[in-house]
Visitor: 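Following this message is one structure expressed as structure tokens.
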Number of protein chains: 2
Amino acid sequence: MAAMIKSDFSAELPSVTDERPADARAEAFQGVREARRNELAEDYVELIADLIHEHGEARPVDIAAQLGVRAPTVTKALARLAREGLITRAKYRSVFLTDEGRALAKECRNRHEIVLRFLIRLGLDAETAELDAEGIEHHVSERTLALFKSYADRP
Amino acid sequence: MAAMIKSDFSAELPSVTDERPADARAEAFQGVREARRNELAEDYVELIADLIHEHGEARPVDIAAQLGVRAPTVTKALARLAREGLITRAKYRSVFLTDEGRALAKECRNRHEIVLRFLIRLGLDAETAELDAEGIEHHVSERTLALFKSYADRP
DNA sequence: GTAGAAAGTTAGCCTCTACTAACTTTTTGT
DNA sequence: ACAAAAAGTTAGTAGAGGCTAACTTTCTAC
């Protein structure tokens with residue numbers, strides 16, 4: 001049946017779907033799924049860096065408030081981040097970034113800031129820009145980020 | 001303690017974190033999580049519409065190939081989409097969109113196409129544009145989409 | 001028309017994210 | 001200093017998304 005579609009059909013009406021082979025599209029989706037897996041970690045690390053910068057420490061209660069989730073969700077997520085080597089912490093104490101975590105935070109902050117400036121430069125209001133940047137920043141390739149930066153920085 | 005931070009602290013050093021109240025940031029993250037929940041459904045519906053358009057039907061095996069996942073994953077996802085009223089189907093048969101599903105597909109296709117044209121207009125190569133559009137399209141507000149469209153359509 | 005191939009489903013497993021309820025630890029205020 | 005409040009953790013639940021292995025149904029080619 002698949003053979004039928006690939007031969008009989010696409011022979012006479014070359015389609016968008018066939019022009020873009022399944023492999024290529026699958027790769028795109030796999031990339032997106034990969035990005036999705038890292039999004040949460042990036043959100044946490046970025047937020048933790050912010051909180052440390054602002055308040056000298058990152059407490060689970062503040063992380064939970066900023067993310068809009070409950071405390072146990074944060075406890076679990078932090079356990080995962082610790083497992084992944086992005087943070088260190090002791091039970092009942094606040095959270096610190098490892099070198100790796102700090103590097104990731106810096107990268108995230110940079111991306112976030114570029115996307116935000118880009119959207120505002122494009123004419124978006126600051127609030128919507130902030131909302132959209134939060135979602136978009138995880139799905140922007142290096143190349144796109146460079147273009148965003150050029151646009152935002154242009155005279 | 002939270003009270004302490006809100007009063008004692010922000011009174012003397014107004015910080016980024018405090019300027020952007022926890023509620024507002026939490027809203028942003030909740031928005032992103034909401035978007036994430038719909039992403040898969042949107043990917044499926046968009047792809048199903050494509051396949052129907054190209055081949056007259058959308059078979060699980062083709063959906064799986066295009067998304068880069070295994071057949072049982074598709075079976076499960078389709079059950080969810082049917083539960084949500086986006087598709088109809090009979091066991092062992094291919095998939096059809098409901099009116100609601102068709103509307104969503106149309107909306108997604110429109111967004112996808114605008115984001116893609118925008119990125120290309122910005123100077124991105126077609127392949128990277130396709131990869132990034134796949135991730136970005138789900139996180140673009142109406143306002144941002146309008147700006148993207150203006151930019152892509154400008155003379 | 002039927003046997004073998006292809007497609008689809010089911011069952012069972014895993015991880016991640018979120019929740020509530022109940023518990024422990026730490027902080028705070030008197 | 002100690003009781004009450006706040007913060008943090010643990011345990012248990014649920015759903016989404018992914019997988020493999022094993023099974024059933026449909027298709028196809030002879």
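Below, each value reflects all heavy atoms present in this structure, side chains not excepted, and no hydrogens, waters or symmetry copies. Each chain gets a letter, A, B and so on, in the order its sequence line appears, and its residues count up from 1.
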Visitor: May I ask you to check whether B/H112 and B/E42 show a side-chain donor-acceptor distance below 3.5 Å?
Guide: no
Visitor: Between B/R93 and D/dC27, does any side-chain N or O lie under 4.0 Å from OP1 or OP2?
Guide: yes
Visitor: Is the distance from the ring center of A/Y151 to that of B/Y151 below 6.0 Å?
Guide: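 Yes - the distance between ring centres of A/Y151 and B/Y151 falls below the 6.0 Å cut-off.
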Visitor: Rounding to an integer number of Å, can you tell me how far B/R36 CZ sits from D/dG15 C1'?
Guide: 17 Å
Visitor: Counting only side-chain N and O atoms of B/R89, is one of them less than 4.0 Å from OP1 or OP2 of C/dT9?
Guide: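 Checking C/dT9 against B/R89, a side-chain N or O does come within under 4.0 Å of OP1 or OP2.
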Visitor: Would you mind telling me which of D/dA16, C/dC13, C/dT26 lies closest to the side-chain atoms of B/R83?
Guide: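 When the side chain of B/R83 is considered, D/dA16 is the closest of D/dA16, C/dC13, C/dT26.
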Visitor: In whole angstroms, how far is the C1' atom of D/dA16 from the CD atom of B/E34?
Guide: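 Roughly 14 Å, once rounded to whole Å.
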Visitor: Angle between the end axes of the helix from C/dG1-D/dC30 to C/dT30-D/dA1, five pairs per end, to the nearest 10 degrees?
Guide: 10°
Visitor: D/dT13, C/dT10, D/dG8: which one has an atom nearest the side-chain heavy atoms of B/T75?
Guide: C/dT10
Visitor: Judged by atom type as modelled, is there a donor-acceptor pair below 3.5 Å linking the side chain of B/R121 to the main-chain atoms of B/A152?
Guide: yes
Visitor: Give the cluster check for A/V32 versus B/L67: same hydrophobic cluster or not, with ILVMFWY residues linked at side-chain heavy-atom distances below 4.5 Å.
Guide: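 A/V32 and B/L67: separate clusters.
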Visitor: With rounding to the nearest 0.5 Å, note down the distance linking CD1 in A/I136 to CZ in A/F118.
Guide: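 The distance works out to 8.5 Å.
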Visitor: Kindly say if A/R70 contacts the phosphate of D/dT10, meaning a side-chain N or O under 4.0 Å from OP1 or OP2.
Guide: no
Visitor: How many Å lie between NZ on B/K76 and C1' on C/dT15, as a whole number?
Guide: 12 Å
Visitor: For the side chain of B/P72, counting heavy atoms from C-beta on, which of C/dT20, D/dT9, D/dC19 is nearest?
Guide: D/dC19
Visitor: Confirm from the modelled atom types if A/K91 and D/dG8 form a donor-acceptor pair under 3.5 Å, side chain to base only.
Guide: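 A donor-acceptor contact between them is absent.
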Visitor: Map A/R37 and B/A58 onto DNA chain C by nearest heavy atom, then report which one ends up closer to the 5' terminus.
Guide: B/A58
Visitor: Please give, in whole Å, the distance from C/dG8 P to B/Y92 OH?
Guide: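 Computing the B/Y92:OH to C/dG8:P distance gives 11 Å.
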Visitor: Between C/dT9, D/dA16, D/dC19, which one does the side chain of B/A71 approach most closely?
Guide: C/dT9
Visitor: Considering non-hydrogen atoms only, spot the tightest contact between A/L147 and B/G123 and give its length.
Guide: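 Shortest heavy-atom contact: CD1-C, 3.8 Å.
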Visitor: Please tell me which of the listed nucleotides, C/dA18, C/dC19, C/dT24, lies nearest to the side chain of A/Y44?
Guide: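 For A/Y44, the side-chain atoms sit closest to C/dA18.
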Visitor: Could you state the CG-C1' distance from B/L81 to D/dG17, rounded to the nearest angstrom?
Guide: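 Atom CG in B/L81 sits about 12 Å away from atom C1' in D/dG17.
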Visitor: How many whole angstroms separate atom CD1 of A/I63 from atom P of D/dG8?
Guide: 8 Å
Visitor: If I take atom CD in residue B/E57 and atom P in nucleotide D/dT26, what distance separates them, rounded to the nearest angstrom?
Guide: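 Taking atom P of D/dT26 as the reference, CD of B/E57 is at 14 Å.
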Visitor: Go through C/dC19, C/dG8, C/dT25 for me and flag the one nearest to the A/T73 side chain.
Guide: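 The answer is C/dC19.
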Visitor: Specify the separation, in whole Å, of atom CG of B/L40 and atom P of C/dT17.
Guide: 15 Å
Visitor: Does B/R33 put a side-chain nitrogen or oxygen below 4.0 Å from OP1 or OP2 of C/dA18?
Guide: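 It does, given that an N or O in the side chain of B/R33 lies less than 4.0 Å from OP1 or OP2 of C/dA18.
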Visitor: May I ask you to say whether B/R25 pairs ionically with A/D43, meaning some side-chain N is under 4.0 Å from a carboxylate O?
Guide: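 A salt bridge is absent here (no side-chain N lies under 4.0 Å from a carboxylate O).
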Visitor: Please determine whether a side-chain nitrogen of the Lys or Arg among B/E39 and B/R36 lies less than 4.0 Å from a carboxylate oxygen of the Asp or Glu.
Guide: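 Judged by the 4.0 Å cut-off on N to carboxylate O distance, B/E39 and B/R36 do not form a salt bridge.
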